[in-house]
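Encoded as structure tokens, the structure appears first; notes follow it.
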Amino acid sequence: MSTNDEQQTKKRIAVMGSTGSIGTQALDVIRANKDHFTAEVLTAGSNSDLLIKQALEFQPNAVVIADEKEYQKVKEALLPHDIKVFAGEKSLVQIVEMESIDMVLASIVGYAGLSSTINAIKNKKPIALANKETLVVAGEIVTRTALENAVNLFPVDSEHSAIFQCLAGEFHNKIEKIYLTASGGPFRGKKKDFLQNVKKEQALKHPNWSMGEKITIDSATMMNKGLEIIEAKWLFSLKKEQIDVIIHPQSIIHSIVQFEDGSMKAQMGLPDMKLPIQYAFTYPDRIPSSFPRFDFLNYPQLTFEKPDHESFPAIQMALDCLQKGGNLACALNAANEIAVHAFLHDKISFLDIAATVEKVLGKINFVQSPSIETLMETDKTARTLAKEITG
Ligand code: NAD
Ligand code: MG
């Protein structure tokens, strides 16, 4: 077999956001399974050093650095290699059109990942979706565009991967309900009097998962679970009443599907994002892995609790946005991105994150069936409003 033919049998993956927590773990999966995958494209926001290092190791066809100031440095470092180098937001969106890409891993964080994911869908690329904000902002448009282009969205988020795994062989059966599990984050069991004084260092210490800063703060406020409820609605065509959240501090059961006969299927395993990443890459197959195995005797108890909506109002806010629909979830996401950023820069307190989002939601003009342009407008307005509040 020639090298060219060999290439064709491997899945060529565009790793969008390759320098992040999901991106680097995806490259771990690709590195461990060189017979199955190659990294066709790597992209980064501004971390040019890591992008260069990754490009030298994985020899992708092309790389994109979003931050144009870093272009020259990346270009020069990769000059002796046969690797195309692009920079800027436009290139980030266009790169997914490359014919040689077999799958796009959407693992840029936040609203910044939306346009490239939509363009990938329009270009009929299967998506491994880590970027939940894409579905929060524009779930209706994204899922409709995916349907029109016969493109599959394979969930990478561990809860949604769990549900997807439980649904294998069951897609024709009606879902009565799903339970999204949540660890409860670093402040599980704490009340507002404690939460008002917590510092970012405490909020950034997640008990079970090591992740990027934004999602780690979202986990501490429980906004992450709120975003995941909306993500689940769009991925699995569910109504609000069909989605429940249960706190499960050990993060071993990653989520549960309950069918019409009352039977419940759960997917479990140690908390390790490499598994859902790999499953999204290999679906419907499974391939061997050396990920650490779960040992029952290390976990004599798996426990469950009700979420505390009083101390953590974010889940309820997300449910309200889901219920009312339109452009509200888009505003929720934008306000949250700004508030999390402000908290990480010591501008606002922990409780101000949810308070900021709530204030912005109260001010946004409701649009029932927004176009993508309207959503972009909503995103901008919500950011401006949130910035006015956070200073
Ligand atoms: P991260 O902050 O670690 O990485 C983000 C990546 O996106 C980096 O490569 C960064 O360079 C790039 N990026 C950031 N801003 C950009 C911009 N404006 N333009 C272009 N690129 C940009 O984030 P993460 O934790 O890997 O999360 C990525 C996505 O996956 C998020 O949507 C998150 O909710 C989701 N997710 C993450 C985890 C996890 O364990 N980390 C689990 C489930 C879902
Ligand atoms: Mg998750």
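Both ligands and their constituent atoms are indexed starting at 1 by order of listing. Sequential numbering from 1 along the given sequence is applied to the chain's residues.
If you check which protein heavy atom lies closest to atom 28 (C) of ligand 1, you get Ser107 O, 3.4 Å. Annotation: atom 33 (C) of ligand 1 to nearest protein heavy atom, Ile215 CD1, 4.0 Å. Regarding atom 32 (O) of ligand 1, its nearest protein heavy-atom neighbour is Glu133 OE1, 2.6 Å. Scanning the protein heavy atoms around atom 3 (O) of ligand 1, the nearest turns out to be Ser21 N, 2.9 Å. Lys132 CE, 3.2 Å is the protein heavy atom nearest to atom 34 (O) of ligand 1. If you check which protein heavy atom lies closest to atom 4 (O) of ligand 1, you get Gly20 CA, 3.1 Å. The shortest contact between atom 25 (O) of ligand 1 and any protein heavy atom is with Gly212 N, 2.9 Å.
Interface atoms of ligand 1 facing Thr19, defined by a heavy-atom separation under 4.0 Å, are 8 (C), 9 (O), 10 (C), 11 (O). Heavy-atom proximity to Met273, at under 4.0 Å, picks out these atoms of ligand 1: 40 (O), 42 (C), 43 (C). Which parts of ligand 1 touch Leu92 is read off a 4.0 Å heavy-atom cut-off, strictly below it: atoms 19 (N), 20 (C). Interface atoms of ligand 1 facing Val109, defined by a heavy-atom separation under 4.0 Å, are 2 (O), 5 (C), 7 (O), 14 (C), 23 (O), 31 (C), 32 (O). Each of the following atoms of ligand 1 lies closer than 4.0 Å to a heavy atom of Ala112: 17 (C), 18 (N). Contact atoms of ligand 1 toward Ala44: 11 (O) (distance under 4.0 Å to a heavy atom of the residue). Annotation for ligand 1: atoms under 4.0 Å from non-hydrogen atoms of Ala130 are 30 (O), 32 (O), 35 (C), 36 (N), 44 (C). The atoms of ligand 1 that sit less than 4.0 Å from any heavy atom of Asp157 are 43 (C), 44 (C).
A donor and an acceptor atom, one from each side chain of Ser349 and Asp352, are located under 3.5 Å apart. For Ser183 and His206, the side-chain atoms include at least one donor-acceptor pair closer than 3.5 Å.
In this structure, the side chains of Phe58 and Ile13 stay at 4.5 Å or more apart for every pair of heavy atoms. Here the side chains of Lys132 and His160 are not in contact, with every heavy-atom distance at 4.5 Å or above. Considering only heavy atoms from C-beta on, Trp209 comes within 4.5 Å of Ser251 through its side chain.
Atom NZ of Lys324 has 12 or fewer neighbouring heavy atoms from other residues, nucleotides or ligands inside a 6.0 Å radius. Heavy atoms of other residues, nucleotides or ligands lying less than 6.0 angstrom from CD of Glu148 number more than 12.
Checked by distance only, ligand 1 and Gly23 stay at 3.5 Å or farther apart across all their nitrogen or oxygen atoms. For ligand 1, one of its N or O atoms has an N or O atom of Ile22 under 3.5 Å away. For the pair Ser46 and ligand 1, the shortest N or O to N or O distance does not fall below 3.5 Å. Looking at Ser158 next to ligand 1, no N or O pair under 3.5 Å apart turns up. By the 3.5 Å distance cut-off applied to N or O atoms, Ala66 is not counted among the residues near ligand 1.
Here the shortest heavy-atom pairing between Leu227 and Val136 reads O-CG2, 3.6 Å. Taking each heavy atom of Asn173 and Phe259 in turn, the nearest pair found is CB-CD2, 4.1 Å.
Minimum-distance N/O/S atom of Glu159 relative to the Mg ion (ligand 2): OE1.
Using a 4.0 Å cut-off between a side-chain N of Lys or Arg and a carboxylate O of Asp or Glu, Lys200 and Glu213 do not qualify as a salt bridge. Residues Asp308 and Lys191 are paired through a salt bridge, judged by an N-O separation under 4.0 Å between the basic side chain and the carboxylate. Ion pairing between a basic and an acidic side chain is recognised when a charged N comes within 4.0 Å of a carboxylate O; Lys363 and Glu388 show no such pairing. Salt bridge annotation for Asp49-Lys73: present, with a cationic side-chain nitrogen under 4.0 angstrom from a carboxylate oxygen.
Among Ile108, Leu51, Val136, the residue whose heavy atom sits closest to atom 7 (O) of ligand 1 is Ile108. Across Pro155, Gly110, Gly45, heavy-atom proximity to atom 11 (O) of ligand 1 is greatest for Gly45.
Between Glu228 atom OE2 and Asp157 atom OD1, the angle centred on the Mg ion (ligand 2) amounts to 90° (nearest 10°).
Side-chain rings of Phe164 and Phe171 approach one another, their centers coming within less than 6.0 Å.
Using a 4.0 Å cutoff on heavy atoms, Lys214 does not count as a contact of ligand 1. Ligand 1 has at least one atom lying under 4.0 Å from a heavy atom of Asn131.
Ile163 pairs with exactly one of Ser158, Pro155, Ser255 by the side-chain contact (heavy atoms from CB on, under 4.5 Å) rule, that one being Ser255.
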